[in-house]
K.L.:
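One structure is given below, represented as C-alpha cells, and several questions about it will come after.
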2 protein chains.
Amino acid sequence: MGKATIRDVAKAAKVGIGTVSRVLNNSPKVSLATRMRVLGVIQNLDFHPNNTARLLSRKIRIHNIGVITPPFTNYYAFADRLRGVQRGLAQTPTDYELTLFSVSSLAHFDDQLALILQVRNVEGLLIIDMDLTEMQVDALRQAGIPFAGLNHFRGRSWTCIGTDNIEGGQLATEFLINLGHTRIAYVGDDFPPEYGWPTGEERCAGYKSTLRKHGIEPLDELIRLGPYDYQSAKTRTFALLDLPEPPTAIFAMSDFLALGCIAAIRQRGLRVPEDISVIGYDNLELSFHTGLTTVSQHLELSGELGIKYILSMHGGAESEPAAAPSLPPQSVIVRYTTQSISAA
Amino acid sequence: MGKATIRDVAKAAKVGIGTVSRVLNNSPKVSLATRMRVLGVIQNLDFHPNNTARLLSRKIRIHNIGVITPPFTNYYAFADRLRGVQRGLAQTPTDYELTLFSVSSLAHFDDQLALILQVRNVEGLLIIDMDLTEMQVDALRQAGIPFAGLNHFRGRSWTCIGTDNIEGGQLATEFLINLGHTRIAYVGDDFPPEYGWPTGEERCAGYKSTLRKHGIEPLDELIRLGPYDYQSAKTRTFALLDLPEPPTAIFAMSDFLALGCIAAIRQRGLRVPEDISVIGYDNLELSFHTGLTTVSQHLELSGELGIKYILSMHGGAESEPAAAPSLPPQSVIVRYTTQSISAA
DNA sequence: CGATTCTGTGGAAACGGTTCCACAAGAATC
DNA sequence: GATTCTTGTGGAACCGTTTCCACAGAATCG
C-alpha cells in the first residue's frame, strides 16, 4: 500500500502512463475530462509520485552537505557555527544544499551516522561538537564522504576545525591570575560528558595546569562539575558561594554556563565583577550583548572554514586531502564581568 | 565530461557493470587485481556515482522539508524558530530531513523558490520571516507542496504561524503609557523594508494607534526608521538623545534593535531604565539573558507548530488543509529595561 | 471531399544505478 | 577422474518517472 506507481494509476484510469505524467505536471495538453478522471484515481489510490525517479529521469543532480547538530542545550553556540556554514556556502557559487540532522543522544548519533552512510545522500558532512569513534571514522572514509568536525579535540586522526581547549583553559586562568585572583573556581560539565566530547575535560586540564604553574594547588571544593545546563550551573554556583571561603573568580567552561553563574551570584545580592569575576568561553554573539568576558573561539569562522574545506575536498582528488584550515589564535575578550582583585 | 556512468567505467576497464557496482559498494567478492583496475579507471574518468539512481534502484525514499531562511541579520530570531522546528521534528517519529535554503536578497528568494518548485525535492516548505506574492502562493499550491510562513502578516490567504504585529505594537505602547510615559520613541526598519515584509510597518501602526487612543499625537521626530541593523539602531538612538526634548521611553521593533538602542544610551552615560526605558519585541532567549523587557511572540513554538502543521498536511487530503495552528496570545515580558516614569 | 492541421493520447526508450541468476574455471572431495 | 564446491564475473531486468515519437480522430481548409 502507498506504493502505487504511475502505471497503477494509468491502468486504473484506463489511460496511458504518458497521460498520467502530463496530469502530474500540469501539462495543458490533457482534456478536462481525462484530467479529472486521473486526478480522481490519484486520490483513490493515495498515489504520491516518487521524486527520486523524477530527478533521475529529468537528469537533475542534487548535491547536498549534511550538518549534524547536537542536542538543544546551548543552541546559540550551534547557531553561531551554523551561521558561518551558511555564510561560507553563500560565498561559493555552487548549488549545494544543506541538510540538517539533529541528534538527541549518543546512540541516536550512531544511528544517524549509520543511516547516512547507508543512504549516502550526502556528499560531505560537518559534525558539530561531537566526537567520532575510530570505527565511525573508518566507515566515513570507506564511504568516501569528506567530513570535518567543527570543534577541536586533541590527537584525532581526522580534521577538526576549532581551537585548542587546553590552551584556552590556560588562557582564561592565566588572565584571572594576572588580575590578582588566586581562589579561582571552575564550573563545567561532567567527565565523561553525556555526548562523549572531551571539551570540558581539556579546558579543566588547562585550568589546573596553569594554577600549578603559578604555585596554586587546584582544590576539589572549587571544581564543580555537573550536567550541562543553565539551572545546574546556578545550583553549583550557589554551592560555591556557600563555601566558608568563596572564590573570588569563576572560570565557566562556556558562556552559556557563565551566564548561569552570574545569575546565581546576582541572585545572592553580590555584584559581578566587583565581588566575583566571571569569565566564560566561546564568545557567542550573545556574549557581546551581555558584556561577558570570555575566550574567543571563532565559532562562526569555524563553520565558514569547515564548509569551504568540504567543498574543496569534493572537487578534486580524494587521495590527497586539502590541508585542514586553521583558525586564528584564540584570545581573551575583555568585557565587564572581570576585574582586578585589588580594585575591589 | 564528468558525465561518466557505470557503463563507461565497465567498458574502459573491460569488466561487466556488475563488477563495477561491486567495487563501488566494497563487495568482498571482487579479486584484488580487478578492483585495482576498476578503481584506476574510476579515477581516470573522474567518475562519481549518481546517488539519485542509487536511491531509485535501492528503493529508498527520502522525505524532506525545506526551510527558507532570510539573510543573516538578527540570526538569533531565526535560530529560535529553527530550534522549534527541530524540536517538533524530533517529537514526531518520522524520517523527514530538513533542508536549509538561505536567501540573500528578495530576487534570490524568488529564484530559490522557482528552483524548489522546478526540482520539487521537498515535500513541505517552512518560510521564515518572508512574505510571498500571490503568484508565488499560486505556484506553491499548484505544485501541491504544503507550506506555511513562520511569522504573521495580516490578511494573507496562506497559513502564517505567528502573532499579530499590530496587536503587539499596541501592547508594547500601552505598557509604556501605563508606566506614565508620554514621550515615547519608535525605532524600526524602513517601509517598505528590503525584504518586503510588513512586520515593522504593522508594529509601528500599533504604536501610533495606541498613542492616539490616549490622546497623544505621534511625532515624526520620535519615529526613527532605517536599515535593520545594530549599528544603525545606535545611530538613530543618538539622534533621539540629541533632540531638544529627548524621549523618556523607546519602543524598538525587535530585541535586536533594542539592544542597539540600549548600547547607545549607555554610551552617552545615561542609564536604562532610570533615565530611559526600552522595550523590545521578540523575546529571544538572548533577551532573557540581557534582562530586556519585551513582547513575547513565541518564536520557538512557532517553529514547532509549523513543522507539525506541515507534517499533518502531507499525510492526508490536500483538499481540506488542516486548521492552521494558532499561538497563545502574546504578552509583555517585564524585565529590567523599563520602569515607571514617576520612579525616576 | 480529399488534404492538412490540431488536439489528445499511448507507450517505448531512457535516466544510472543495484541485484540476481547463470556460468566458467579452478580447488577440493571422494 | 568424475563430482561437487567455491570464487569471480557478465549482463538482463528492474526501480518509477519523463520525454519523444507515432498516431487516431476531429476540425479546418482549398
Side-chain angles (χ1 to χ4, degrees), chain A residues 1-39 41-42 45-63 117-123 143-145, chain B residues 1-39 41-42 45-63 117-123 143-145:
Chain A
M1 282 312 302
K3 301 293 160 203
T5 75
I6 208 175
R7 264 167 258 267
D8 300 328
V9 174
K11 195 170 299 171
K14 299 192 194 310
V15 297
I17 55 171
T19 301
V20 178
S21 176
R22 264 160 294 209
V23 169
L24 287 175
N25 293 291
N26 289 306
S27 155
K29 343 192 64 188
V30 181
S31 75
L32 190 61
T34 315
R35 159 162 287 138
M36 296 306 282
R37 186 150 41 92
V38 171
L39 284 176
V41 172
I42 286 177
L45 298 185
D46 191 33
F47 165 78
H48 290 265
N50 179 325
N51 197 56
T52 306
R54 189 168 207 275
L55 292 177
L56 178 59
S57 175
R58 282 246 181 112
K59 296 181 212 169
I60 298 176
R61 287 181 82 138
I62 291 187
H63 302 110
L117 257 344
Q118 203 214 333
V119 171
R120 265 193 196 66
N121 188 36
V122 123
E123 296 176 28
I145 297 179
Chain B
M1 281 313 300
K3 301 293 160 202
T5 76
I6 206 176
R7 268 166 254 266
D8 300 330
V9 174
K11 196 170 298 169
K14 299 192 194 311
V15 297
I17 54 171
T19 300
V20 178
S21 177
R22 262 160 260 158
V23 170
L24 286 176
N25 294 291
N26 289 305
S27 156
K29 343 194 65 189
V30 180
S31 75
L32 190 62
T34 314
R35 160 161 287 136
M36 297 305 282
R37 186 148 43 93
V38 172
L39 285 176
V41 172
I42 286 177
L45 299 185
D46 189 33
F47 165 79
H48 290 266
N50 179 328
N51 198 55
T52 305
R54 189 168 207 273
L55 293 176
L56 178 59
S57 164
R58 282 245 181 115
K59 297 181 211 166
I60 298 176
R61 287 180 81 138
I62 291 187
H63 303 109
L117 256 345
Q118 203 215 331
V119 171
R120 264 195 197 62
N121 188 37
V122 122
E123 296 176 28
I145 298 180

K.L.:
Starting at CG of A:Leu55 and ending at C1' of C:dC15, how long is that distance when rounded to a whole Å?
P.N.:
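Taking atom C1' of C:dC15 as the reference, CG of A:Leu55 is at 11 Å.
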
K.L.:
Using the side-chain contact (heavy atoms from CB on, under 4.5 Å) rule, take A:Leu24 and A:Ile6 through it: C-alpha gap first, then chi angles, then the decisive distance, then the call.
P.N.:
CA-CA 10 Å; A:Leu24 287 175; A:Ile6 208 175; 4.1 Å; yes

K.L.:
How many Å lie between CD on A:Gln118 and C1' on C:dT18, as a whole number?
P.N.:
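Answer to the nearest Å: 13 Å.
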
K.L.:
Is there a donor-acceptor contact under 3.5 Å from the side chain of A:Arg58 to the main chain of A:Leu55?
P.N.:
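Looks like no, no N/O pair under 3.5 Å.
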
K.L.:
Restricting to non-hydrogen atoms, name the atom on A:Arg61 and the atom on B:Pro49 that form the minimum distance, rounded to 0.1 Å.
P.N.:
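Heavy atoms only, the tightest pair is NH2-O, 3.5 Å.
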
K.L.:
Examine distances only and state if a side-chain atom of A:Asn50 and a backbone atom of A:Thr52 form a donor-acceptor pair shorter than 3.5 Å.
P.N.:
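Here the side-chain-to-backbone pair exists.
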
K.L.:
Take the C1' atoms of the five end pairs on each side of the helix from C:dC1-D:dG30 to C:dC30-D:dG1, derive the two axes, and give their angle rounded to 10 degrees.
P.N.:
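Comparing the first five pairs with the last five, the axes sit 40° apart.
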
K.L.:
State which residue, out of B:Ile42, B:Val41, B:Asp8, fulfils the side chain to side chain contact (heavy atoms under 4.5 Å, CB included) condition with B:Phe47.
P.N.:
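The passing option is B:Ile42.
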
K.L.:
Calculate the interatomic distance between B:Leu32 atom CG and D:dT9 atom P; express it in whole Å.
P.N.:
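That distance rounds to 10 Å.
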
K.L.:
Distance check needed: C:dG8 C1' versus A:Met36 CE, whole Å only.
P.N.:
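Atom-to-atom, A:Met36 to C:dG8, this comes out as 17 Å.
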
K.L.:
Walk along nucleotides 12-26 of chain D from 5' to 3' and tag each nucleotide B, S or - by protein heavy-atom contact under 4.0 Å, base first, then sugar-phosphate.
P.N.:
B--BBBBB-------

K.L.:
B:Glu123 and B:Ile145: side-chain contact (heavy atoms from CB on, under 4.5 Å), yes or no, with the steps?
P.N.:
CA-CA 6 Å; B:Glu123 296 176 28; B:Ile145 298 180; over 6 Å; no

K.L.:
Please report, rounded to the nearest Å, how far the P atom of C:dG16 is from the CD1 atom of A:Ile62.
P.N.:
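That distance rounds to 15 Å.
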
K.L.:
When you measure from the side chain of B:Asn51 to the backbone of B:Arg54, do you find a donor-acceptor pair of N or O atoms at a distance under 3.5 Å?
P.N.:
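Checking the backbone N and O of B:Arg54 against the side chain of B:Asn51, no donor-acceptor pair under 3.5 Å is found.
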
K.L.:
Looking only at atom types and distance, does a side-chain atom of B:Arg22 sit under 3.5 Å from a main-chain N or O of B:Val30, one as donor and one as acceptor?
P.N.:
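Flag not set: sc B:Arg22 to bb B:Val30 has no pair under 3.5 Å.
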
